[in-house]
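A note on names: the letters A, B, ... follow the listed sequences, proteins ahead of strands, and every chain is numbered from 1. Below, all heavy atoms of this structure are taken into account, side chains as well, without hydrogens, waters or symmetry copies.
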Protein chains: 2
Amino acid sequence: MSGFGPGDPFLADCPARLTVELIADKWTAVVLYGLSEGPVRHGELIQLIGGISRKMLTQTLRRLEAHGLIRRHAYAEVPPRVEYELTPLGATLIDPIRMLTEWARTNGDAVLDALDSGPPEPVARNG
Amino acid sequence: MSGFGPGDPFLADCPARLTVELIADKWTAVVLYGLSEGPVRHGELIQLIGGISRKMLTQTLRRLEAHGLIRRHAYAEVPPRVEYELTPLGATLIDPIRMLTEWARTNGDAVLDALDSGPPEPVARNG
DNA sequence: CAGCATCCCCGCAGATACTG
DNA sequence: CAGTATCTGCGGGGATGCTG
């Protein structure tokens, strides 16, 4: 069993794990998606996304910037204006992310139904 | 700006957020991927994935089961044998996940390069 | 407006030991 | 072998206040 090769994505210390851990964050995908239509300001993202704190947003943006997925543009104005936009590299991640949203749109209800249907066994799973 | 509609995926309290938060977990995608080729035992997953603790694996499996993405099969044998497999619903998530791995395979190096290139500004981002 | 620093708490996740 | 229970720590992440 396990037809996975040693260099197979995802398992063990393969390159794909990097990406997963990059995406496997509450906000990463959401932020990237928020930038998918062009440059957006910090404050706009806050409202657009909804539910994210300034701290988490900045943190996420910094990480994405460090990973080369987005670019930061600070304009020397008052009041300050800072825009973020996808890099070409970052833009390539939008498609995969969009697939996730498509999946959600299609199967979201099914997941919710499963959740409602209640846990198979209340407790005591041994044996 | 923001050509996103109110019901648009990802932003605010849209359905896609459910999926993101489902996937936005260190192990969810990895476990699903591990099951993508057929039923796998608990212990096999541990070794296959590498780095996950029994506790986290069980926890992840339970959640996926609750969400209707995987199914649990416990065989009344000694020693006990338990297999997990994707449900049809869960199987539909493999494609999106695979896209992520494809992306990683293609762009993983670019991300690592960006990381090495160092942070744009060492410190003091204000202004 | 954007961002950093600080404080603080809750929960994730590892380690360990026990049961069926 | 599979799973649970308990303890513990570390860090994620919110709230707040200050700076440019």
Side-chain angles (χ1 to χ4, degrees), chain A residues 1-2 17 20-31 34-35 39-66 70-85 119-127, chain B residues 1-2 17 20-31 34-35 39-66 70-85 119-127:
Chain A
M1 314 322 118
S2 111
R17 284 286 264 275
V20 186
E21 301 193 5
L22 186 62
I23 297 293
D25 175 274
K26 197 177 178 184
W27 298 114
T28 304
V30 186
V31 169
L35 297 176
V40 184
R41 302 183 58 169
H42 181 102
E44 283 178 317
L45 279 172
I46 294 280
Q47 296 171 15
L48 194 62
I49 292 175
I52 192 173
S53 64
R54 292 218 311 269
K55 180 184 173 181
M56 285 316 295
L57 177 57
T58 300
Q59 205 167 294
T60 304
L61 290 169
R62 290 289 172 278
R63 217 178 75 250
L64 292 176
E65 191 187 7
I70 69 174
R71 191 142 36 215
R72 198 183 98 113
H73 280 286
Y75 299 89
E77 307 174 0
V78 300
R81 185 167 117 253
V82 179
E83 287 185 344
Y84 294 91
E85 65 176 344
E121 302 300 85
V123 78
R125 311 290 296 257
N126 269 9
Chain B
M1 312 316 126
S2 113
R17 285 287 265 272
V20 187
E21 301 194 5
L22 186 62
I23 297 294
D25 175 274
K26 195 177 178 184
W27 299 115
T28 305
V30 186
V31 169
L35 297 176
V40 184
R41 301 182 60 170
H42 182 101
E44 283 179 316
L45 279 172
I46 294 280
Q47 295 172 16
L48 194 62
I49 292 175
I52 191 174
S53 65
R54 293 217 310 270
K55 180 185 173 181
M56 285 316 294
L57 177 58
T58 301
Q59 206 168 293
T60 304
L61 290 169
R62 290 288 172 280
R63 214 176 80 251
L64 292 177
E65 191 187 7
I70 69 174
R71 189 141 39 215
R72 200 184 98 113
H73 279 287
Y75 299 90
E77 306 173 359
V78 302
R81 186 167 115 253
V82 179
E83 288 186 345
Y84 294 90
E85 65 175 345
E121 301 301 86
V123 78
R125 310 292 296 257
N126 267 8

Asker: How many whole angstroms separate atom CZ of A:Arg63 from atom P of D:dG13?
Answerer: 9 Å

Asker: Is A:Arg63 paired with A:Glu65 through a side-chain N to carboxylate O contact shorter than 4.0 Å?
Answerer: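 The answer is no: the pair does not qualify as a salt bridge.
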
Asker: Would you say that B:Lys26 contacts B:Ile52 through its side chain, given a criterion of any heavy-atom pair below 4.5 Å between the two side chains?
Answerer: no

Asker: Is there side-chain contact between B:Tyr75 and B:Glu83, with at least one heavy-atom pair below 4.5 Å?
Answerer: yes

Asker: Write down the distance between CD (A:Glu83) and C1' (C:dA2), rounded to a whole number of angstrom.
Answerer: 13 Å

Asker: When you look at B:Leu35 and B:Leu64, which way does the side-chain contact (heavy atoms from CB on, under 4.5 Å) test go after all the steps?
Answerer: CA-CA 12 Å; B:Leu35 297 176; B:Leu64 292 177; 5.7 Å; no

Asker: Under 4.0 Å: is that the gap between some side-chain N or O of B:Arg81 and OP1 or OP2 of D:dA2?
Answerer: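 No, because none of the side-chain N or O atoms of B:Arg81 sits under 4.0 Å from OP1 or OP2 of D:dA2.
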
Asker: Of the nucleotides D:dG20, D:dG3, C:dC4, which one has an atom closest to the side chain of A:Pro80?
Answerer: D:dG20

Asker: Side chains of B:Ile70 and B:Glu85, heavy atoms from C-beta outward: is any pair under 4.5 Å?
Answerer: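 Counting from C-beta outward, B:Ile70 and B:Glu85 never come under 4.5 Å.
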
Asker: Expressed as a whole number of angstroms, how long is the span from A:Met56:CE to C:dC4:C1'?
Answerer: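 It is 15 Å, rounded to the nearest whole Å.
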
Asker: May I have the distance from B:Lys26 (atom NZ) to D:dG11 (atom C1'), rounded to whole angstrom?
Answerer: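 For the pair B:Lys26 NZ and D:dG11 C1', the rounded distance is 12 Å.
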
Asker: Measure from CD on A:Gln59 to P on C:dG3 and round the result to the nearest Å.
Answerer: 13 Å

Asker: Counting only side-chain heavy atoms from C-beta out, which of D:dA2, C:dC4, D:dG14 sits nearest to A:Ser53?
Answerer: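 Nearest nucleotide to the side chain: D:dG14.
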
Asker: Do A:Trp27 and A:Ile49 have side chains that get closer than 4.5 Å, going by heavy atoms?
Answerer: yes

Asker: Choose from C:dG3, C:dA13, D:dA2 the nucleotide whose nearest atom is closest to any side-chain atom of A:Tyr84.
Answerer: C:dG3

Asker: For the pair made of CD in B:Glu21 and P in C:dG11, what is the distance, rounded to whole Å?
Answerer: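 For the pair B:Glu21 CD and C:dG11 P, the rounded distance is 16 Å.
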
Asker: Taking the side chain as C-beta and beyond, is there a heavy-atom pair between B:Arg72 and B:Val82 under 4.5 Å?
Answerer: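 Yes - at least one pair of side-chain heavy atoms lies under 4.5 Å apart.
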
Asker: Expressed in angstrom and rounded to an integer, what is the separation of B:Arg72 atom CZ from D:dC1 atom C1'?
Answerer: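 The answer, rounded to whole Å, is 12 Å.
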
Asker: Let's see if you can work this out: which of C:dC1, D:dC7, D:dG3 has an atom nearest to the side-chain heavy atoms of B:Arg54?
Answerer: D:dG3

Asker: A:Tyr75 has an atom OH; how far is it from atom P of C:dG3, in whole Å?
Answerer: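 Taking atom P of C:dG3 as the reference, OH of A:Tyr75 is at 13 Å.
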
Asker: Taking for each residue the nucleotide of DNA chain C bearing the nearest heavy atom, is the 5' side occupied by A:Leu61 or by A:Lys55?
Answerer: A:Leu61

Asker: Starting from the first five and the last five pairs of the helix from C:dC1-D:dG20 to C:dG20-D:dC1, work out the angle between the resulting helix axes, to 10 degrees.
Answerer: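 Taking five pairs per end, the axes differ by 40°.
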
